[in-house]
Each structure stands twice: as structure tokens, then as C-alpha cells.
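Below is one structure, written out as C-alpha cells; comments come after it.
Each chain gets a letter, A, B and so on, in the order the sequences are listed, and its residues count up from 1. Since this is a predicted model, take the numbers as computed values, not measurements.
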Amino acid sequence: MKFQTIKGTFDRLPEDSAKWRLVQDKAREVLERFGAGEIHTPVFEDVGVFSKAVGDSSDIVRKEMYTFTDRGGRNLCLRPEATAGMVRAYLEHGFASKPTPVKFWTFEPMFRGEKPQRGRERQFHQVGFEILGLPDALADAEIIDAGVQLLSSLGVKDYEIHLGSVGDPEDRAAYNQYLRDTLSPVLEKLSKDSQERLVLNPMRILDSKEKIDQALLLELKVKPMLEFLGAEAREHFEAVQECLKAWGIPFVIDSSIVRGLDYYRRTAFEFIHNSPEMAGCSTILAGGRYDGLAEILGGQHTPGVGWGCGAERVILAMEAEKITAPPLEKPLVYVIPLDAESMLYAQNVARAVRGIGQALCAYKVKGMGKALADAEKFGSRFAVIVGSNERETGVLSVRNVVTREQESVPFEDLVSWLSKSMISS
RNA sequence: GUGGGCGUAGCUCAGUCGGUUAGAGCGCUGCUCUGUGGAAGCGGAGGUCGCGGGUUCAAGUCCCGUCUCCCACCCCA
């Protein structure tokens, strides 16, 4: 084979479509009930939209973005995440003058040059939901509720909501300073990765997988971020929890939640799936608050909260929980021409049926047995047999593929006959 | 980006100690078979044994490199 999909990408085949369609349909249904409008931003944008929003120090910008220059010399990139583009669109189209809040939902591919693994592709797909214009904790809670509703509508149950807060920028700065002050004296005792983290992003040391790091954190009794929240951030964090409790949404406080994207403020959360098959890709939905992002993009201050939900991962989670999607529509009829002379007539039958449903017609004349077997292989409900008798009389032989009952139906009555049988079954 | 595992037909897999023309089942397809069911029988198509080099009289098999996918990291949805 000369060509194949490039690393980290995959073909989504017809046999995969039922699950994908379910995810997309439920996202639309659930999120539009929250009042979200469907939005689609371009897959490529000015690289600045993401490098500014996500942060130059983030791994996504530093080593995972697909950037390129077009023929006009423009510096572009394939979008690595959804939020920045949606905020850019919000600003560009003057959504600030629309009633507040503005809610967007989307379902789009994202691109990151990561090393592929299960549940981790270079082109992956996210459902996104954003609420723009509301600084209130109520919006944070609502957006988490929307995530819960989406997963519940898909039948996904075996997960936990981890809730944390990264505070306001000054809280985070103070905490990072605290970490540097506390850990610098013992720099040599940290793992090599964490020594780098201490310079670049000290908070990442907290969720290091290295035992020596964790032991050291314990030994030094390093305080969690949550103890550094300012009064307002703390109040906000507690208000979010109050809402969730009031709505009976279970969650666990997780002070180790660290965002890879710099624009997050205050609330940060992750929905983490429990099944062992999801090890390594257990975060199926994640998000938080990003007040300040609009200003970074050159707009006026616009608070916002949102999340992204990885479609590939949710589908893996559904498979782990043995959830199946409803099958896609099967052919209503399979038309069988019995001789070469009936071919056109048979096609006419199929064309008529397509007014109300899916119709297939055989392209070759085969033995009756083979043809009926084909009707079943294609999954059709009825086989319509067209031979010389049928052509001469205009009365078709319609056979139920499952029950094998057969009756004669005049061509002109076929569509209404089929409609009736669809209702009665 | 680092470390490890895998790779033979569309799918699931066999292939001995390195030995002649690389096999099976399923699937696809043709015929037996021009008016009623998935059968059966007999055929056919489909492979650069992931790719490239090396060792050897001889490589699917041994060695090296490389790519993919998978696993653990990094990181993330």
C-alpha cells in the first residue's frame, strides 16, 4: 500500500458512525437545551490566537502546534483547542452587544502533534461548550451540570468529577513563589523533570508521577494551591460547590488539578473515568473559567467558562461501559430483478421507495436464493421481487425478509403499503 | 521528545532447525443454479511476509536501521 493515514490520524468508517452520530446528536440536544448556539470556527487561524491565549510557555504551543506559512506569508496554525477560536469569534462579531450570557457549543476536530496512543490522536475531536459574559459561580456550576447531562444522555456513568481552583493570577503568582521558595533549597532532591518544572511551571511538580517528588512534597508538608486562594477566589470556589451540592452533583475536591493552558482562572475541573481500560486517557471532559482571555486577544474584558469533551475518549468510555449506540437506518427494501429485462423496472421501484426510505436495487441478476440472501446481508426489511410476471401485471411480490411472508402489492400502492408497515412494526 | 512491545491476505491466525512456487478459516467473487433463503460442491481474485539495508548458496524466519500501532513516561481531551 503506497499511502496510509499519517501518524495519529484515522479514518472514521461507516461501521463507526453510529457511535459518533450519537455523541454529536446528544451534544446538540443537551447543549441546545442549555440555550447554546451551534458555532463552527475555522480549523486554521492566525497562530497568535492560540499562542497568546493558550500561553507561550504551555507545552501545546511550545511543541505540539501544527504551524505553517501560507502563500501570503501569513503565520497560521491548525487549532489545538476550541476555546480561543470561539472567544475570537465572540469578539469579532460583536457578541458583547447581544443579551448576556452568550452560549456556544461546537463539535470539531483539533490538532496536536503529540505522540499517539490509545485515546490520544493528532487529529482528535471535541465537543465544546462555553458560557461567555458571566463571572458568576452559577455559570461554572451550570457548565459542569451540562457536562454531567451530556455524559448521562450517553449512558456514561463510571466517572468522578474532580474540582479545583487555580485562583486569580495574583494567587497563582504567590503560590508559584511559595513553591519556588520551598523547593529551591532541595532542588537536587527533585527528579530531573521537576527541576525544570520548578523554573517553568512549579505547580506541575504537584502531580508528578515520580515517587521521590511525592515523598519530598510530603516531607516538606507542601501546602496545596487551595490554601493560597484570595478572598474572592475562595468565595467563588465555595459558591460553585454550594450549587453542585444543591443539585446533587457529586464531586471531589482535587487540589492537584493543574491546567496546561495558561488562560484558566479560578475554577478548574476534570471528569475522570474510572475503568481500567481508560488508564492513560481517563480525562474525558475538562474545563474551567477563563476570565481575561478576551483581553489577551485584544477585546474588552469578558468573563467565560467552558469545557472540552474528547469524543474519541467518550466513545472509548462508552465501550468500556458496554454502551451501544442505536443502529443507523437500514434499507427498507432490496429490489431483486429476476432477468435483464427487469433491471430498469426494478430501479424504478427503488426510486419510488426513496421518497420515504432507504432503497437498494441489485445490479446483477442472480439466482433467487442468492438474491434473497443478499437482501438479508444488506439488512433490508423487505425484498421486492421484479420478474416478467410483475412487469406484465404491475403487481409486485413483496417479501418480509425476516418473517418470509410474501404478498402481492400493486406498484402504485407500494409506497403507502410500506408506510403502513413501517408504522405497524 | 524518552523508554519498551507488536507487525504474515479485508478480518482472525498458522508457518518447524534458515531450505523449493507463503498457507488455513471467515469474508468477497464465479459456476453448478432463469421464480423463493444464508447450505453444499468446485473454481477465482486478493500478499513487496510493514519498509530499507545486511549476513547467507538460500531470509517470513537471523542481524541492523526505519515506519506504524500499542504500552509506560512527558503532556493532555
Interatomic distance, A:Leu150 CG vs B:A77 P [rounded to whole Å]
16 Å
Looking only at B:A77, B:C70, B:C69, the nucleotide nearest the A:Glu114 side chain is B:A77
base_contact_polar (B:C75 base, A:Arg120 side chain, donor-acceptor, <3.5 Å):
yes
Tell me the interatomic distance from A:Glu277, atom CD, to B:A72, atom P, rounded to whole angstroms.
12 Å
Examine B:G1: is either OP1 or OP2 under 4.0 Å from a nitrogen or oxygen in the side chain of A:Arg112? Give yes or no.
no
Can you list, pair by pair, the side-chain donor-acceptor contacts under 3.5 Å of residues 22-31 of chain A, counting residues two or more places apart and other chains?
from: A:Arg28; atom 1: NH2; to: A:Glu38; atom 2: OE1; distance (Å): 3.1
from: A:Arg28; atom 1: NH2; to: A:Glu38; atom 2: OE2; distance (Å): 3.3

Length of the line joining A:Lys115:NZ and B:C76:C1', which is rounded to integer Å
16 Å
Among B:G35, B:C74, B:A77, which is the nearest nucleotide to the side chain of A:Ile385?
B:G35
N/O to N/O distances under 3.5 Å, protein versus nucleotides 28-32 of chain B:
from: B:G30; atom 1: OP1; to: A:Lys364; atom 2: NZ; distance (Å): 3.4

Between B:U16 and B:U61, how far apart are the two P atoms, rounded to whole Å?
11 Å
Rounding to an integer number of Å, can you tell me how far A:Asn389 CG sits from B:U36 C1'?
13 Å
Any donor-acceptor pair under 3.5 Å joining the side chain of A:Gln406 to the base of B:G35?
no
Worked check of side-chain hydrogen bond (donor to acceptor under 3.5 Å, both in side chains) between A:Ser388 and A:Arg391:
CA-CA 5 Å; A:Ser388 55; A:Arg391 271 185 292 125; 5.0 Å; no
Round to a whole Å and report the spacing from CD of A:Glu108 to C1' of B:A77.
15 Å
If the condition is salt bridge (Lys or Arg N to Asp or Glu O under 4.0 Å), which residues does A:Glu114 pass it with, not counting sequence neighbours?
A:Arg120
Considering only heavy atoms and no angle criterion, is a donor-acceptor pair shorter than 3.5 Å present between the side chain of A:Arg399 and the base of B:U36?
yes
Does B:C75 have OP1 or OP2 sitting under 4.0 Å from an N or O in the side chain of A:Arg197?
yes
For A:Lys19, check side chain to side chain donor-acceptor pair (under 3.5 Å) against everything at least two apart and list the hits.
A:Glu319
Considering heavy-atom distances to RNA chain B, does A:Ile6 or A:Ala286 have its closest nucleotide positioned more toward the 5' end?
A:Ile6
Between A:Lys63 and B:G1, is there a side-chain N or O to OP1/OP2 distance below 4.0 Å?
no
So do the side chains of A:Gln347 and A:Tyr363 get within less than 4.5 Å of each other, counting heavy atoms only?
yes
Would you say A:Arg354's side chain and A:Ala359's backbone share a donor-acceptor pair under 3.5 angstrom?
yes
Only counting residues at least two apart or in another chain, list the ones meeting salt bridge (Lys or Arg N to Asp or Glu O under 4.0 Å) with A:Glu121.
none
Would you call A:Asp291-A:Arg265 a salt bridge at under 4.0 Å N-O?
no
Does A:Glu121 reach a base, just sugar-phosphate, or nothing at all? Heavy atoms under 4.0 Å.
base
Take the angle between the ring planes of A:His125 and A:Phe107 and call it parallel below 30°, perpendicular above 60°, tilted in between.
tilted
Quick check for you: among B:G35, B:G1, B:C76, whose closest atom lies nearest to any side-chain atom of A:Arg204?
B:C76
So what does the secondary structure string of RNA chain B come out as, 5' to 3', with Watson-Crick or wobble pairs under 3.5 angstrom, [ ] for crossing and | for pairs with another strand?
(((((.(..((((.....[...)))).(((((.......))))).....(((((..]....)))))).)))))....
Given B:C70, B:U68, B:A77, identify the nucleotide with an atom nearest to the side chain of A:Pro116.
B:C70
Measure from the ring center of A:Phe269 to the ring center of A:Phe251 and say whether it is less than 6.0 Å.
no
Under 4.0 Å: is that the gap between some side-chain N or O of A:Gln117 and OP1 or OP2 of B:A72?
yes
d(CG, A:Asp213; C1', B:C75) in whole Å:
15 Å
Starting from P on B:U68, measure out to CG on A:Asp11 and report it in whole angstrom.
16 Å
